[in-house]
Number of protein chains: 2
Amino acid sequence: MNPFERLPIEKQARIVNASISEFAEKDYETASMNVVVNHAGISKGSLFNYFKTKSTLYDYVYALALGEVKAYLKDVRDSTIGLPFNERLTQIIDSGVQFIVDHPRLAKIYFRLVYSSDSPNRKKIITELQLLSNNYLGEIIQDGINHKELNSTLNKAQAVFYLDAVLNRFLKEYHDSLSNGKLLDRNDWVNSITELFTKGFK
Amino acid sequence: MNPFERLPIEKQARIVNASISEFAEKDYETASMNVVVNHAGISKGSLFNYFKTKSTLYDYVYALALGEVKAYLKDVRDSTIGLPFNERLTQIIDSGVQFIVDHPRLAKIYFRLVYSSDSPNRKKIITELQLLSNNYLGEIIQDGINHKELNSTLNKAQAVFYLDAVLNRFLKEYHDSLSNGKLLDRNDWVNSITELFTKGFK
DNA sequence: TCTTAATTTGACCACCCGGTCAATTTACAT
DNA sequence: ATGTAAATTGACCGGGTGGTCAAATTAAGA
C-alpha cells in the first residue's frame, strides 16, 4: 500500500481536486507542482512523497478520467443494444455531452491530451485511446451493417475515423460553449450529426 | 523599416528556419529563444533586437504559415470554379494534403495552434481561422446547393463545421503518417471523405 | 511516560527561462 | 586614417521549475 492510499480520504480528495484543476488549466509541461501543493494545502515534500514525480501524478489523474469515461461509454452501449443505428448513435453522442456537463474538468484534461502535444506517455496513451475508440465505434458500426442499415462495403476503419473526428470536435466545441456563454442547442446538434452519418454511411 | 528586414536575406533565412523548427517541435510556452539563437547562429541580444518579444517572433512565423496556406486555398478554389461539388471537394482535400507534403513544419505549427492551448493571441487567431474556414467552405457548400447537388435545407454552419472537423483531423493524421512510416493511401482517403459528405449532405 | 518509527515540512539545489544593456565590434562617410 | 553611428555580443537579472533531504512534528506501542 503506497503512502497516498494510506491518507484520510478527505486529504486525498483535496490533492486529487487540486491536481485535476491544475492539469485541466495548463499543459503538462506548464502545470506546476507548486500550484498543486498550495491549492491542496500540503507541503511540497509530502506531494513528492505520495507521487514520486510529476509524471506519476499525471498518470494517476489521467487514469481517474479514463475510468470515468469508460463507465459512461459502457452504460450507453449496454442500454442501447438492439436499437437501430441512428437511435443508438444519437444516445452515444448525447452521453458524451452528458459526460462533459458532469465532468467539465476531466473533459478538459482529455481534450488537452488528445489535441495537445507533450505529457510523457502521450503516444502510448493515444494509441490506447484509439484502440478503445476503434473497438467501441467499430462495434456500433458493425451492428448497423448487420442490420442492413449501413452500406456493407463500408471501410470500417475509415468510418470509425470520421465518426471519432466529428464526435471529438463537436464535444470540444460543446465544452467550450459551456464557458463562453454561447451554449449550443444540444438536441439540434446531436440529431444533425446522426443524420450526417446515417446518410453518409448508407 | 525594422532591423530584421534590413538583414541580408541569408541571415533572415537562417533565423526564420530556426524559428520554424523550434515552434514546430515545441508548444509556444516550451519553445526556447535560446534554442532558436543557437540554431540560427546569432546572439541572444540580436534576436531580441529583431523581435522585441517571443510573442512577436511567433506572430511573424505564424503570419508566414498562414500566408502560405491561403495561397494554396485560393489556387484550388479558383481553379475548380464551376466543377461539381464532389470533384471540387476532392481537389480541395488533395490540395490540403499537398500543402502538408510541401510544408510539413508549417503544418505542424498550424496543428499545434489549432489543437493546443497556449500561445498569446490564440483566441484571436482561432477566431480568424474559423472565419476563414467558414467563408471558404461555406462558399463551396453554397455552390453545391445552388447546383442542386446538396440538400437545400442543409444547416450551412453545421455542415461547414463537420467538413472542417474531418478535414483537419484527416490532414493531421496524414501529417503524422509522413513521419511514422505508415503512409496513408492518399487517393483512397480523399475519395472516401468526398463520398461521406456528398452522401451525407444530400 | 518514554522510545521509536512514520509522516510532514520548507529551505535549498541545479537548471532553464525571457529579457536587458554596457561594452565591443563592424560599417561607413569624410 | 579618423570619427561616428549602427549592429552585435554575451554576461547578467529576477523568477519559476521539478525534485531533495535534514530536521521537526506526529503517531503508536510498551
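The structure presented is a predicted model; accordingly, all values stated were derived computationally and were not measured. Labels below follow one simple rule: chain letters A, B, ... track the order of the sequence lines, proteins then strands, and each chain is numbered from 1.
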Any side-chain heavy atom of A:L73 within less than 4.5 Å of one from A:F99?
no
Is it true that [Y] and [X] share a donor-acceptor pair across their side chains at a distance under 3.5 Å?
X      : Y      : result
B:T30  : A:E29  : no
B:S133 : B:D164 : yes
A:N121 : A:Y62  : no

Which parts of nucleotides 24-29 of chain D does protein reach within less than 4.0 Å, heavy atoms only, written one letter per nucleotide 5' to 3' as B for base, S for sugar-phosphate only and - for none?
------
Spell out protein contact along nucleotides 7-23 of chain C as letters: B when the base is contacted, S when just the sugar-phosphate is, - when no protein heavy atom is under 4.0 Å; keep the 5' to 3' order.
SBBB------SBBBB--
Charged N-O contact under 4.0 Å between A:R14 and A:E10:
yes
Side chain of A:R112, backbone of A:E25: donor and acceptor closer than 3.5 Å?
yes
Would you find a donor on one side and an acceptor on the other, under 3.5 Å apart, between the side chain of B:E22 and the backbone of B:S32?
yes
Figure out the CG/P separation between A:L57 and D:dT17, and round it to whole Å.
15 Å
Tell me the interatomic distance from B:N38, atom CG, to D:dG10, atom P, rounded to whole angstroms.
10 Å
Is it the case that the ring center of B:W189 lies less than 6.0 angstrom away from the ring center of B:Y174?
no
